Amino acid sequence: MTFVRPAIAVLAGLIAVIALVFVQYDRTGAEMANRLENSAKAAIAAAGGKGVTANFHTASGSPTRHPVLSGGKGMNEKVRARVARAVAAIPGVGGVRWIDGTIMAQRGTDTPRQPMHCQDDVDALLRSRTIRFEESSANLDPASRQLIGEVARALRPCLGAIIAITGHTDSSGPEPGNIELSQARAQAVEAALVARGIPADGLRSSGMGSAQPVNGLDPRDPANRRIEFSVIATQPIVPTPVDTPGPR
């Protein structure tokens with residue numbers, strides 16, 4: 001019995017820490033949604049979208065960077081397209097659509113579609129922690145599963161983007177084996193994200209072996225063993241240009 005109470009206390013402390021992480025993420029997401037909604041109000045007004053509102057929350061209430069526009073009864077398609085483009089031009093906003101149609105809005109074909117907002121969130125999580133694996137294996141270390149859960153939550157506001165997962169190793173061992181191991185580890189992370197609700201069709205995993213060591217590190221340094229994430233492109237749900245109205 002003398003060992004049970006400390007174990008319970010440790011478990012309770014761990015649950016409290018996890019709860020704090022989730023609360024902090026939810027607070028950050030809510031602040032993001034509120035900031036984008038305020039920016040959207042100004043952009044909509046400047047575009048002549050009287051009565052139009054932009055909702056930066058999903059049907060389940062989660063914050064998102066892909067707003068749905070509603071209102072503006074009687075507004076012609078030209079104004080609708082202008083309003084959609086104005087909201088899409090706000091830094092940090094992803095694809096925009098109207099609630100009563102399929103019209104999409106992007107920043108234009110001349111602008112690379114590279115939403116880096118989730119990149120910063122994931123980089124912050126991995127700045128002081130590393131996704132680890134069992135020695136010479138693609139099996140995730142149990143302690144890293146919680147971290148992958150946090151990464152999944154950070155990536156959810158960017159669903160609809162292509163997310164690259166890249167595995168790296170140090171230069172110890174033959175390079176063909178390093179490439180194979182780094183690929184297997186990237187695929188293990190991909191599978192873990194899918195299990196946490198990230199759509200598989202937006203994930204791309206690859207292994208680089210030891211070809212890209214961390215800047216300033218000796219290629220043999222174990223710190224080169226890492227997983228990197230890159231939010232690399234927006235993937236429109238339907239390829240409808242902004243000046244072509246969707247059915248209503």
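Predicted, not measured: the structure shown is a model, and the values here were computed from it.
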Does E37 CD have over 12 foreign heavy atoms under 6.0 Å away?
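More than 12 heavy atoms, drawn from other residues, nucleotides or ligands, come within 6.0 Å of this atom.
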So, for [X] and [Y], which heavy atoms are closest and what is the spacing to 0.1 Å?
X    : Y    : result
L159 : P199 : CD2-CD, 3.6 Å
A152 : R196 : CB-CB, 4.0 Å
P63  : M32  : CB-CE, 4.0 Å
S182 : M208 : OG-N, 3.3 Å
N224 : D170 : CB-CA, 4.0 Å
P213 : P219 : CB-CA, 4.2 Å

Working note: E31 + N34, criterion side chain to side chain donor-acceptor pair (under 3.5 Å); need CA distance, chi angles, decisive distance, verdict.
CA-CA 5 Å; E31 291 172 353; N34 290 336; over 6 Å; no
Between [atom1] of [X] and [atom2] of [Y], what distance do you get to the nearest 0.5 Å?
X    : Y    : atom1 : atom2 : value
L181 : H168 : CG    : NE2   : 13.0 Å
S144 : E150 : OG    : CD    : 11.0 Å
C158 : Q119 : SG    : CD    : 9.5 Å
E77  : R82  : CD    : CZ    : 12.5 Å

Hydrophobic clusters here meaning ILVMFWY residues chained together by side-chain heavy-atom distances under 4.5 Å, can you tell me if L140 and L125 are in one?
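Per the 4.5 Å side-chain linkage, L140 and L125 are co-clustered.
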I would like to know whether Q183 and S206 meet side chain to side chain donor-acceptor pair (under 3.5 Å); could you show each step before the answer?
CA-CA 5 Å; Q183 175 71 49; S206 62; 5.5 Å; no
For [X], give me all partners under side-chain contact (heavy atoms from CB on, under 4.5 Å), at least two apart in sequence or on another chain.
X    : answer
L203 : I163, I165, E190, L193, V194, I198
V122 : L126, V151, A154, L155, F229
A211 : none

Can you give the donor-acceptor pairs under 3.5 Å from side chains of residues 39-56 to other protein atoms, not counting sequence neighbours?
residue: S39; atom: OG; partner: R35; partner atom: O; Å: 3.2
residue: T53; atom: OG1; partner: S70; partner atom: OG; Å: 3.2
residue: N55; atom: OD1; partner: H57; partner atom: N; Å: 3.1

Donor-acceptor contact present, side-chain D221 to main-chain L217, <3.5 Å
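A pair under 3.5 Å: no.
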Do the side chain of E228 and the main chain of G167 share a donor and acceptor less than 3.5 angstrom apart?
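Checked: no pair found.
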Contacts of type side chain to side chain donor-acceptor pair (under 3.5 Å), residue R220, not counting sequence neighbours
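Partners of R220 by the side chain to side chain donor-acceptor pair (under 3.5 Å) criterion, ordered by chain and then number, come out as D218.
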Is there side-chain contact between E175 and I179, with heavy atoms separated by less than 4.5 Å?
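The answer is yes; the side chains approach within 4.5 Å.
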Contact check, side chains of I227 and T166, non-hydrogen atoms, under 4.5 Å
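I227 vs T166: side chains apart.
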Show me the donor-acceptor pairs, under 3.5 Å and distance only, between side chains in residues 130-137 and residues at least two apart or in other chains.
residue: S137; atom: OG; partner: N139; partner atom: N; Å: 2.9
residue: S137; atom: OG; partner: N139; partner atom: ND2; Å: 3.1

